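Each remark here refers to the structure printed beneath this line.
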Amino acid sequence: MSEKQKKRLIPAIKGTKDILPQDIRKWQKVEAVTKKTFELYGYREIRTPIFEATELFEKGTGQTTDIVIKEMYTFTDKGGRSLTLRPEYTPSVVRSIIEKRLYLQPQPLRVYFMGPMFRYDKPQKGRYRQFHQVDIEVFGEKDPAIDAEIVEMADALFKKLKVTDTEVLVNSVGCRRCRPAYHKELRRKAEQAGERLCADCQKKIMTNPLRIFDCKVKTCREASKGFPEITDYLCPECEEHFSKFCSYLDLYGIDYRREPRLVRGLDYYTKTTFEIVSSRLGAQDAILGGGRYDDMMKDFGGPDICGIGFAMGLERFISVVPFTEKKEKFIYLACLGDRAKRAGMELARYLRRDGVECLIEYKERSLKSQMSRADKLGAAWVLIIGEDEVKKGLYQLKEMATGMQRECSREEIMKIIQESS
RNA sequence: GUGAGCGUAGCUCAACUGGUCAGAGCAUCGGACUGUGGAUCCGAAGGUUGGGGGUUCGAGACCCCUCGCUCACCCCA
């Protein structure tokens with residue numbers, strides 16, 4: 001290896017982000033409030049492995065989805081198994097519930113999760129290759145009241161964190177009984193549109209015609225205006241489910257907009273789908289998205305238990321949460337000379353044992369330099385420890401904000417600091 | 001995967017059409033002030049101008065390739 005190669009630093013992987021100490025408080029706060037909120041609704045945390053058998057996502061997320069077709073981090077391990085870093089969470093949870101027989105517990109079963117997801121996408125604003133999601137899932141509750149409850153819970157979370165400029169979009173994508181007729185009609189109309197649809201949409205006619213509505217090409221938008229909407233084709237059961245869902249949202253006083261063209265790009269959704277979008281993000285404006293997936297459990301070879309859930313993009317959410325950091329109060333021990341340093345080390349141990357945050361200066365520095373450092377670091381107090389102080393067992397405690405200074409024993413220091421916080 | 005814009009010190013930016021152009025401010029560290037912070041002044045450190053090739057007497061600037069960043073498309077959280 002040449003000198004040049006040795007020196008070249010190894011950069012972070014494209015599409016990944018370091019969350020630095022200066023940003024971590026915000027993350028921790030959002031995570032804490034989110035967990036607390038979910039727990040209020042009876043959710044409990046579940047953690048599953050970061051990778052799974054590739055097949056799990058192929059089957060769960062769906063063979064026709066972009067996630068499976070082109071965005072998965074798939075690799076072969078030394079045992080020849082095809083593994084994939086999870087691109088989304090729902091299939092993992094469903095797998096775990098079936099495998100561990102969690103469905104034998106009283107239903108509905110409510111679980112939540114937080115952690116990194118991986119998608120090989122081209123990074124842009126609000127989209128990364130490793131990103132974080134908060135995810136909730138409910139199993140075994142057919143009542144549309146639960147659909148409304150989870151939207152209300154998301155709404156409550158947004159309000160708690162003072163997130164504004166958002167909009168709730170809702171739709172129903174029907175079920176296996178009513179969707180085929182709709183798809184057939186939609187395909188027929190799409191085929192009639194012919195050349196007015198772009199090449200991509202031509203393909204979607206066969207694979208997943210619902211997604212033609214997502215297309216942003218102008219001619220496609222024009223053409224799709226005349227296409228039938230799913231909500232006109234719902235079977236009585238789906239129709240009732242959707243109207244009850246909406247009436248419950250009304251009950252909660254949640255503003256929402258029916259968006260018949262809202263299509264989740266995942267194959268497994270049935271009946272209810274929804275999104276919360278923010279006008280303060282860029283093109284990737286969906287903070288949260290989810291829906292019902294009544295067939296997944298059964299399709300995975302488990303019992304016929306319905307499911308519903310949503311995923312929230314933490315990076316996107318955090319970017320619209322207002323936040324002012326509250327500074328922690330701590331004491332900086334300025335030591336002058338070796339004996340003082342030793343005394344300071346003992347004092348720091350004494351203070352920390354009772355929960356006082358301390359920083360101690362180990363390097364020989366002038367008092368001036370140490371004061372300056374304490375100020376820059378944001379210390380609330382500086383404790384000056386020199387030869388005289390060590391002899392007397394009394395130290396100079398200076399409050400940085402006021403500049404007031406007094407002589408204190410270590411017990412007095414402890415008392416002053418604990419009383420101030 | 002496609003397209004556009006951009007890559008000069010940790011950060012924000014200079015350097016006319018290629019010719020002392022490798023600089024400034026902030027931040028860092030030190031000193032003036034060797035037991036007292038925030039101000040001021042002085043100083044130090046920090047860059048093979050993202051990387052590689054080419055054109056040229058000469059390239060940070062021009063050309064090609066590559067990597068990265070940003071934004072948009074696609075898609076999604």
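Fair warning: this is a prediction, and the values are worked out from it, not measured in the lab. In what follows, chains are A, B, ... by sequence order, proteins preceding strands, each numbered from 1.
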Please say whether more than 12 non-hydrogen atoms of neighbouring residues, nucleotides or ligands are located less than 6.0 Å from CG in A/D232.
yes
Does the ring centre of A/F317 sit less than 6.0 Å away from the ring centre of A/F158?
yes
Using a 3.5 Å distance criterion without hydrogens, assess whether the side chain of A/Q107 forms a donor-acceptor pair with backbone atoms of A/Y103.
yes
Could you work out the separation of B/U55 and B/C64 based on their P atoms and round it to a whole Å?
15 Å
A/E141 versus A/P108, closest heavy-atom pair with distance:
CB-CB, 3.7 Å
So what does A/I287 hit on the nucleic acid, given a heavy-atom distance under 4.0 Å: a base, only sugar-phosphate, or nothing?
sugar-phosphate
A/E71 has a side chain; which of B/G38, B/C75, B/G30 sits nearest to it?
B/C75
Main-chain N/O of A/Q284 paired with A/R127 side-chain donor or acceptor, under 3.5 Å
no
Closest of B/G1, B/G35, B/G37 to the A/L367 side chain is B/G35
Picking from B/G35, B/G38, B/U28, which would you name as closest to the side chain of A/D375?
B/G38
What's the CD-C1' distance between A/E389 and B/G35, to the nearest Å?
8 Å
Nucleotide B/C75, atom C1' - distance to CD of A/Q63 in whole Å
17 Å
Stepwise side chain to side chain donor-acceptor pair (under 3.5 Å) test for A/K368 and A/S372
CA-CA 6 Å; A/K368 178 176 182 63; A/S372 169; over 6 Å; no
For the P atoms, the ones on B/C62 and on B/A15, what distance do you get once it is rounded to whole angstrom?
13 Å
Under 6.0 Å between the ring centres of A/Y43 and A/Y112?
no
A/L20 CG to B/C11 C1': how many Å, rounded?
14 Å
Which is true for A/G126 with a 4.0 Å heavy-atom rule: it touches a base, it touches only sugar-phosphate, or it touches nothing?
base
Base, sugar-phosphate or nothing for A/G15? Non-hydrogen atoms, less than 4.0 Å.
sugar-phosphate
I'd like to know if A/Q284 reaches the base of B/C75 with its side chain such that a donor and an acceptor end up less than 3.5 angstrom apart.
yes
Assess whether atom CZ of A/R280 is packed by more than 12 heavy atoms of other residues, nucleotides or ligands within 6.0 Å.
yes
Interatomic distance, A/Y128 OH vs B/C69 C1' [rounded to whole Å]:
12 Å
Taking atom types as they are modelled, would you say the side chain of A/Q370 forms a donor-acceptor pair with the base of B/G35 within the 3.5 Å cutoff?
no
Span that lies between the P atom of B/C11 and that of B/G50, in whole angstrom:
13 Å
Under 3.5 Å, is there a donor-acceptor pair between the side chain of A/Y128 and the main chain of A/E315?
no
Compare side-chain N and O positions of A/T65 against OP1 and OP2 of B/C76 and report whether any pair is under 4.0 Å apart.
no
Taking B/A9 as the reference, what is the distance to B/A27 when you measure between their C1' atoms (whole Å, please)?
11 Å
Picking from B/A72, B/C74, B/G35, the nucleotide nearest the side-chain atoms of A/D388 would be B/G35
Any side-chain to backbone donor/acceptor pair from A/T61 onto A/E58? Under 3.5 Å, distance only.
no
Return yes when atom NZ of A/K415 has more than 12 non-hydrogen atoms of other residues, nucleotides or ligands closer than 6.0 Å, and no otherwise.
no
Side-chain N or O of A/K17 versus OP1/OP2 of B/U70: is the shortest distance under 4.0 Å?
yes
Rounded to whole Å, please give me the gap between CG in A/D66 and P in B/U2.
15 Å
Heavy atoms only, 4.0 Å cut-off, all strands: where does A/K14 land among base, sugar-phosphate and nothing?
sugar-phosphate
Could you please name the option among B/G37, B/C71, B/C76 that lies closest to any side-chain atom of A/R119?
B/C76
Give a yes/no on whether any side-chain N or O of A/K368 is located under 4.0 angstrom from OP1 or OP2 of B/G37.
yes
From the set B/C75, B/A72, B/G37, return the single nucleotide nearest to any side-chain atom of A/D121.
B/C75
First of A/A379 and A/P123 reached from the 5' end of RNA chain B, by closest nucleotide:
A/A379
Can you list the stems that RNA chain B is part of, where a stem is at least 3 pairs in a row, each Watson-Crick or G-U, with both distances below 3.5 Å?
B:1-7 with B:67-73, B:10-13 with B:23-26, B:28-32 with B:40-44, B:50-54 with B:62-66
For B/G60 and B/C75, measure between their P atoms and round to the nearest Å.
44 Å
Return the nearest nucleotide to the side chain of A/L336; candidates are B/C74, B/A72, B/G35.
B/G35
How is A/E364 classified with respect to the nucleic acid when contacts are heavy atoms under 4.0 Å: base, sugar-phosphate, or nothing?
nothing
Examine the base of B/C71 for any acceptor or donor lying under 3.5 Å from a partner atom in the side chain of A/R127, and report the outcome as yes or no.
no
Could you pick out which residue, A/H132 or A/M371, lies toward the 5' side of RNA chain B when each is mapped onto its nearest nucleotide?
A/M371
For A/E315, report the nucleic acid contact type (base, sugar-phosphate, nothing); a contact means any heavy atom under 4.0 Å.
nothing
Calculate the interatomic distance between A/I67 atom CD1 and B/C74 atom P; express it in whole Å.
16 Å
In whole angstrom, what separates A/K122's NZ from B/U2's P?
7 Å
In whole Å, what separates the C1' atom of B/C74 from that of B/C13?
36 Å
C1' gap between B/G47 and B/C21, integer Å
13 Å
Under 4.0 Å between a side-chain N/O of A/Q124 and OP1 or OP2 of B/A72, yes or no?
yes
Categorize A/A374 for me: base, sugar-phosphate, or nothing, with a 4.0 angstrom heavy-atom threshold over every strand shown.
nothing
Measure CZ/A/R373 against P/B/C29 and give the value in whole Å, please.
6 Å
Considering only the C1' atoms, how many Å lie between B/G18 and B/G10, rounded to the nearest integer?
30 Å
